[in-house]
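Protein chains get the first letters and strands the later ones, always in sequence-line order, with residue 1 at the start of each. Computed over heavy atoms, backbone and side chain alike; hydrogens, waters and symmetry mates excluded.
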Protein chains: 2
Amino acid sequence: MNKSNLKLIAVLERTGGFASAQELHQILRREGDGIGLTTVYRALQTLVDDKIVDLLRREDGEAIYRLCGDTHHHHLVCKGCGNTVEIEGGAVEKWAKVIAEEYGFRDVGHTAEIFGLCEKC
Amino acid sequence: MNKSNLKLIAVLERTGGFASAQELHQILRREGDGIGLTTVYRALQTLVDDKIVDLLRREDGEAIYRLCGDTHHHHLVCKGCGNTVEIEGGAVEKWAKVIAEEYGFRDVGHTAEIFGLCEKC
DNA sequence: ATGGAAATGATAATCATTTCCATTTTGTGA
DNA sequence: TCACAAAATGGAAATGATTATCATTTCCAT
């Protein structure tokens, strides 16, 4: 684990919730860290590969990142305010497993997100 | 409803499933239609506004479009060869609906994909 | 201390999408 | 049919996120 990765993890811990690469870069810069945008992207990518952070998309397609919790979960995201709730996905886990078996797939993972408008928006 | 909008609808009907703006533009061009990329984007935007077309996102953030009312389905993707199977997701539809209600969300959609290695890979 | 691998960051390239603007088409009233 | 305003169109340039390049710096084991 290199220095940049740790920095990004620290910021994500501090801010909580989702942030884009550009935002994370700005935050670090504002705090006096001279880290380059390239390095931010690189660190985020390896953290995603290592399943340390989650990658989602904003409505406009911009990538946003957040620390994974230790349990596998899914997200309920508000399209209006961006607020996010972690949810249980028991039904989805089962569904993915059944389908994968049906088609003879192994080593399977899955993604599932729900998005809509929350009560306030 | 103007001419470009109708053209886009026609292509989406013909191709079925998802396509990006760039792909739709190429298809039309290949067929001899001199439609401009700008017009394709404009038409897709108004079709989305009018809820005639759905807008989703690829993994890489690129916008993809499909006619509303196409049966909603999900994908089983092989990480090895990239082969893709369209699958039914009844369990997922139900799950998304229940969760959304539980948290008071409205106007909800969802994404769900399964990925793994197929028999050959 | 030293050599090689990994990490870094500035810059340039890429690619989807938007904006701008000049031109063409369309619809409508006289 | 004609003239003219409004809408539609499309090429070019702008934008903004992300990725590739590459020279330089930092690490680390020897």
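- Note on B/Tyr41: a side-chain N or O is less than 4.0 Å away from OP1 or OP2 of C/dT17.
- In this structure, B/Tyr65 and B/Ile52 have side chains that are not in contact, with every pair of non-hydrogen atoms separated by 4.5 Å or more.
- In this structure, C/dT17 and D/dA14 make a Watson-Crick or G-U wobble pair, each of the two defining distances being under 3.5 angstrom.
- Across all strands shown, C/dT2 is found opposite D/dA29 as a Watson-Crick or G-U wobble partner, with both distances under 3.5 Å.
- Counting non-hydrogen atoms under 4.0 angstrom, A/Gly61 reaches nothing in the nucleic acid.
- Remark: C1' of C/dA16 and CZ of B/Arg58 are 12 Å apart, rounded to the nearest angstrom.
- Shown here is B/Glu93, whose CD atom has more than 12 heavy atoms of other residues, nucleotides or ligands within 6.0 Å.
- For the pair B/Asp60 CG and D/dA20 C1', the interatomic distance rounds to 16 Å; values are reported in whole Å.
- OP1 and OP2 of C/dT25 both lie 4.0 Å or more from every side-chain N or O belonging to B/Asn2.
- Looking at the side chain of B/Thr39, the nearest of the listed nucleotides C/dT17, C/dT11, D/dT9 is D/dT9.
- With respect to the salt-bridge test (charged N to carboxylate O, under 4.0 angstrom), the residues B/Arg66 and B/Asp54 qualify.
- Looking at heavy-atom distances under 4.0 Å, A/Ile35 makes contact with sugar-phosphate atoms alone, never a base.
- In this structure, A/Arg14 pairs ionically with A/Glu31, as a charged nitrogen and a carboxylate oxygen lie closer than 4.0 Å.
- Separating the CZ atom of A/Arg42 from the P atom of D/dT21 is a distance of 12 Å, rounded to the nearest angstrom.
- At whole-Å resolution of the value, CG in B/Leu56 and P in C/dA16 are 18 Å apart.
- With the nearest nucleotide of DNA chain C identified for both A/Val40 and B/Gln45, A/Val40 has the one nearer the 5' end.
- In this structure, the nucleotide among D/dT9, D/dT21, D/dT18 sitting nearest to the side chain of B/Ser4 is D/dT9.
- With hydrogens and angles left out, the side chain of A/Thr38 and the base of C/dA10 share a donor-acceptor pair within 3.5 Å.
- Distance A/His25 NE2 to D/dT19 C1': 15 Å, rounded to the nearest Å.
- Of the listed nucleotides (C/dA16, D/dT18, D/dG10), D/dT18 has the atom at the smallest distance from the side chain of A/Glu62.
- Taking 4.0 Å as the cut-off between side-chain N and carboxylate O, B/Glu23 and B/Arg58 count as a salt-bridged pair.
- When the C1' atom of D/dG10 is taken as reference, atom CG of B/Leu24 falls 17 Å away, rounded to whole Å.
- Where A/Asp33 and B/Tyr65 meet DNA chain C, the nucleotide closest to each residue was compared, and A/Asp33 sits on the side nearer the 5' end.
- Between D/dG10, D/dT18, C/dT17, one nucleotide has an atom nearer to the side chain of B/Leu37 than all others, and that is C/dT17.
- For D/dC27, the OP1/OP2 oxygens have a side-chain nitrogen or oxygen of A/Lys3 closer than 4.0 Å.
- In this entry the distance linking CG of B/Leu28 with P of D/dT9 reads 12 Å, nearest Å.
- A/Gln26 places its CD atom 12 Å from the P atom of D/dT18, with the value rounded to the nearest Å.
- Note: B/His74 and B/His110 meet the aromatic proximity criterion, with ring centroids under 6.0 Å apart.
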